[in-house]
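This report concerns only the one structure given below.
We name chains A, B, ... by the order of the sequence lines, and we start the count at 1 in each one. Predicted model only: the values in this text are computed from it and were never measured.
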Amino acid sequence: MEKNDGFMKALRCRECGREYPLNATHVCEFDFGPLEVVYDYERIKHCLTKSVIHGRPETMWRYRELLPIAHEPTVGFQVGYTPLVKADRLARQLGIRELWIKNDTVNYPTLSFKDRVVSVALSRAKELGFSTVACASTGNLANSVSANAAAVGLKAYVFIPADLEEGKIVNSLIYGANVIGIRGHYDEVNRLCAEIAGKFGWAFVNVNMRPYYAEGSKSMGFEILEQLGWRIPHHTVVCMASGSLLTKIHKSYQEFIKLGLVPDAKYRIHGAQASGCAPISTAHKAGMDFFKPVKPNTIAKSLAIGTPADGFYALRVLKETGGSGDDATDDEIREGMKLLAECEGIFAETAGGVTVGVAKKLIASGKIPANDSAVLCITGHGLKTLDAVVGHVGRTREIKPSLREFESLLNAENHSELLSR
Amino acid sequence: MAAASKKRKAHSGTRPEQHETKRLWLMYPARLITTPVIWQLGQKFKVVTNVRQASVTDEIGIVCLELAGQRAVIKEGIKWLEKMGVSVEPVEINVIES
């Protein structure tokens with residue numbers, strides 16, 4: 001029987017270039033470098049045109065030839081094609097001519113960009129014959145694996161540090177996932193998860209399925225280019241945890257250029273981190289091509305990765321595109337979240353506050369020129385990180401059930417507003 | 001019944017030691033750059049060390065290491081490395097994502 005790998009050619013080591021079959025494997029046996037999917041771009045060029053894309057449903061799968069599945073997707077049909085919002089009010093606040101928000105806070109079904117990577121990983125896992133999927137996660141990834149696995153009847157195991165807050169666990173338990181809390185120091189838990197991933201014959205989405213999983217992030221970049229009218233934004237600001245999303249946004253731009261879907265143009269990709277966990281942006285500012293591990297201490301928990309697996313590659317993208325890296329303090333993160341909510345009606349999680357906070361700095365410093373345009377990638381919904389803003393977003397004013405009391409409250413507030421002008 | 005319980009007892013008493021291979025990233029700070037950490041590891045513990053990639057500057061040492069030996073001995077070796085101030089990650093580096 002003829003082997004059908006769709007438009008994928010092989011897995012290739014990002015370090016030495018050795019190629020491997022398209023199996024559930026993620027590390028080069030020779031130098032332990034990470035593996036990445038290689039595509040047959042010549043064939044894709046003949047199949048994937050703007051008119052073909054236009055004719056497909058508005059989901060991330062409209063670019064399926066550039067995603068690592070051999071056949072039609074089987075998980076997460078509705079994922080992606082989230083709004084690209086022209087953010088004029090926020091643009092005025094930040095002092096830039098044109099600003100766009102790629103709004104993955106409304107991604108389906110779990111309100112974060114992780115639904116993109118997980119639906120790709122699970123679709124590929126099913127193609128490879130897996131019936132059990134797993135991940136190690138403290139938040140968005142766990143929710144997405146649990147929900148997407150439930151929707152197609154896959155068995156899911158989710159590994160978490162045992163001291164994780166109850167609220168984050170409920171978001172996975174509700175889907176019937178097997179949630180296993182591991183007691184111990186973070187590094188021990190991390191190593192055990194790697195061991196479990198190696199020992200059991202499961203599709204561990206961010207371990208043995210990582211080459212496929214990570215490719216799902218490209219769909220965010222493809223959508224930005226199409227929604228902007230088939231052009232590359234001059235500036236794109238992306239938050240960095242492992243650094244993978246930033247490298248895949250870059251890859252998506254390069255692939256569309258290669259296929260002739262957008263004109264080749266100069267662009268810069270900027271990386272945003274929280275000040276309490278900024279190994280990549282710190283290394284970039286210091287002009288280094290490697291990062292030093294840090295112990296995270298930030299309210300942006302979804303970005304709190306002290307030893308980012310793709311940090312080296314993210315640094316390379318920042319350098320190649322002439323982008324900048326910067327960080328935002330906890331207060332700046334909250335301010336960024338409030339700005340985005342008050343100006344555009346978008347409630348993002350803390351990672352979104354990091355992106356807005358860093359964009360503000362880059363615009364103020366001229367690294368993103370005020371007369372230019374930029375896209376901010378917002379990756380998850382604010383309801384996931386309510387704790388970070390409780391007590392920082394104003395207060396409720398209470399009154400008795402009396403119209404007179406309400407009128408006097410309004411008058412008092414109008415009066416103080418007039419005085420403050 | 002008695003035979004079954006005897007069998008269980010025999011198993012629990014003579015559990016064979018597991019031999020395994022681990023793939024790790026070691027990162028060590030500037031103060032350890034001149035210390036022959038991997039040589040010391042091989043001297044102190046009965047493990048086979050095999051460096052697959054390395055980058056050592058005057059600021060940081062990053063080594064991709066394959067470690068083979070008895071499971072318990074490898075665990076002890078990792079504990080010793082961490083005590084020395086070496087950060088020990090699996091080859092995937094960060095398995096726990098947000």
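- In plain terms, the two heavy atoms of B:W25 and B:I93 that are nearest each other are CD1-CG1, 3.5 Å.
- Looking at every heavy atom in both residues, A:A274 comes nearest to A:A300 through CB-CB, 4.1 Å.
- Taking A:A304, A:S302, A:P34 one by one and counting their heavy-atom pairs under 4.5 Å with chain B, the maximum is reached by A:S302.
- Ranking A:L303, A:I160, A:L141 against chain B, the residue ahead of the rest is A:L141, based on heavy-atom pairs under 4.5 Å.
- Of the atoms belonging to B:V88, heavy atoms from both backbone and side chain fall under 4.5 Å from chain A.
- Both the backbone and the side chain of A:E29 come within less than 4.5 Å of a heavy atom of chain B.
- Legend: residues meeting salt bridge (Lys or Arg N to Asp or Glu O under 4.0 Å) with B:E97, ordered by chain and number and at least two apart, are A:K114, A:R210.
- The most heavy-atom pairs under 4.5 Å with chain B, out of A:V27, A:I305, A:V189, come from A:I305.
- The greatest number of non-hydrogen atom pairs below 4.5 Å with chain B, out of A:P308, A:G198, A:P293, is found for A:P293.
- The only option from A:V133, A:L122, A:N143 that meets the side-chain contact (heavy atoms from CB on, under 4.5 Å) definition with A:N148 turns out to be A:L122.
- Partner of B:L24 under the side-chain contact (heavy atoms from CB on, under 4.5 Å) criterion, out of B:V91, B:I78, B:L81: B:I78 alone.
- Contact record, A:G271 with A:L246: CA-CD1, 3.7 Å, taken as the closest heavy-atom pair.
- For A:F312, the ring pair (Phe, Tyr, Trp, His ring centres under 6.0 Å) test picks out no residue, with sequence neighbours left out.
- With a threshold of 4.5 angstrom between heavy atoms, A:F30 approaches chain B through N, CA, C or O but not through any side-chain atom.
- With a 4.5 angstrom heavy-atom cutoff, A:K301 touches chain B only via backbone atoms.
- Identified by a heavy-atom distance below 4.5 Å to chain A, contributing residues of residues 29-44 of chain B are lacking entirely.
- Between the side chains of B:S98 and A:N140, not a single donor N or O lies within less than 3.5 Å of an accepting N or O.
- Neither the backbone nor the side chain of A:A241 comes within contact range of chain B; no heavy atom of the residue lies under 4.5 Å from a heavy atom of that chain.
- For B:E66, the salt bridge (Lys or Arg N to Asp or Glu O under 4.0 Å) test picks out B:R52, with sequence neighbours left out.
- Within the 4.5 angstrom heavy-atom criterion, only side-chain atoms of B:T57, from C-beta onward, approach chain A.
- Contact of A:S242 with chain B is not made at all, since no heavy-atom distance falls under 4.5 Å.
- Of all heavy-atom pairs between A:P296 and A:G306, the closest is CG-N, 3.8 Å.
- Screening A:R316, A:R14, A:K248 against A:D310 for a salt bridge (Lys or Arg N to Asp or Glu O under 4.0 Å) leaves a single residue, A:R14.
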